[in-house]
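Computed from heavy atoms alone, side chains included, the values below leave out hydrogens, waters and symmetry copies. Just follow the structure's listing: the first ligand is 1, and inside any ligand the first atom is 1.
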Amino acid sequence: MAPQIYTDETPAEVKNAKGLHLITMSTPNGQAVQIMLEELKDVYGTEWSTTLIDIMTNEQKKDWFLRLDPNGRIPVLVDNTANPPFAVMETSAEMLYLLKFADKEDKFGFKDEMERSQCLQWTFFWHGSGAPYQGQVNHFTRAAPEKIEYAINRFKNETLRVFGVLEIQLSGKYADGPREYLAGKGKGKYSVADMKAWPWVKNWEKSGFSKEQMEGLPHLLKWIDRIAERPAVQRGIGEAYNLKK
Ligand SMILES: N[C@@H](CCC(=O)N[C@@H](CS)C(=O)NCC(=O)O)C(=O)O
């Protein structure tokens, strides 16, 4: 028998949710999946419900949450249409789950295997080589009790370097000219790969990077603005996801 993913402590809105349910907070990781769901809504009318938690209260370390995601971090996607209900942890895995089950036409993915591979490459790149470093920048510049110059410089330099990797891809410097999105033939197509990186990169100023440091990344800056115009993106980072105090 499959293990139960819910206990008596699981909030009723999570276990009684009718279909897809997202447990999130509007951080860059949370926003990636929030945006994907909002995009799916615009194309397919996809429905889901949301539980907002405050990670500062450590709700994500409680047993009911760890049963869904032993890593104890948001966001988590649960699918109550599955039998038994199924939980998905890790932003990129959640987006790929949605791509498989909620994006039948591959609007945000690719049918062509080479393009699909490219989409995975850039999604994994940001998941493994971008988010963890920019996360450390935010920690050491904003949350750490003492300012440790070595740590700040190390993580800022690495984050700037990975911003530069995105710039290389978007500039088409080693390929066939500028592109609009990270994956796909020609100028590329807006996909999960962009949704994964964008919520982080758009925060470059909050992460303490200067205009001068970003000047060398013109294609990246244009990519940030291009994606920011999408209505689903605006909703995905918008007020509906703010915790009501
Ligand atoms: N690799 C994870 C990272 C998730 C993550 O770091 N979430 C942060 C918020 S952005 C969190 O829940 N922090 C609270 C904690 O560490 O307890 C993913 O991509 O889902």
Tell me, do Y190 and R226 make a side-chain contact under 4.5 Å, heavy atoms counted?
no
Taking side chain as C-beta onward, heavy atoms only, is I35 less than 4.5 Å from P199?
yes
Which of these passes salt bridge (Lys or Arg N to Asp or Glu O under 4.0 Å) with D106: K189, K111, K100?
K111
Test applied, side-chain contact (heavy atoms from CB on, under 4.5 Å); reference residue, W48; option that passes from E38, H21, K18
E38
Between F140 and K147, is there a cation-pi geometry (under 6.0 Å to ring centre, at most 45° from the normal)?
no
Could you walk me through whether D63 and T7 pass side chain to side chain contact (heavy atoms under 4.5 Å, CB included), step by step?
CA-CA 9 Å; D63 275 353; T7 66; over 6 Å; no
Go ahead and list the nitrogen or oxygen contacts between ligand 1 and the protein that come in under 3.5 Å, distances to 0.1 Å, or just say none.
residue  : atom   : partner : partner atom : Å
ligand 1 : 1 (N)  : E90     : OE1          : 2.7
ligand 1 : 1 (N)  : E90     : OE2          : 3.3
ligand 1 : 6 (O)  : N29     : ND2          : 3.4
ligand 1 : 6 (O)  : R73     : NH1          : 3.3
ligand 1 : 7 (N)  : I74     : O            : 2.9
ligand 1 : 12 (O) : I74     : N            : 2.9
ligand 1 : 16 (O) : R73     : NE           : 2.9
ligand 1 : 16 (O) : R73     : NH2          : 3.3
ligand 1 : 17 (O) : Q60     : NE2          : 2.8
ligand 1 : 17 (O) : K61     : NZ           : 2.6
ligand 1 : 19 (O) : T91     : N            : 3.4
ligand 1 : 19 (O) : T91     : OG1          : 2.7
ligand 1 : 20 (O) : T91     : N            : 3.0

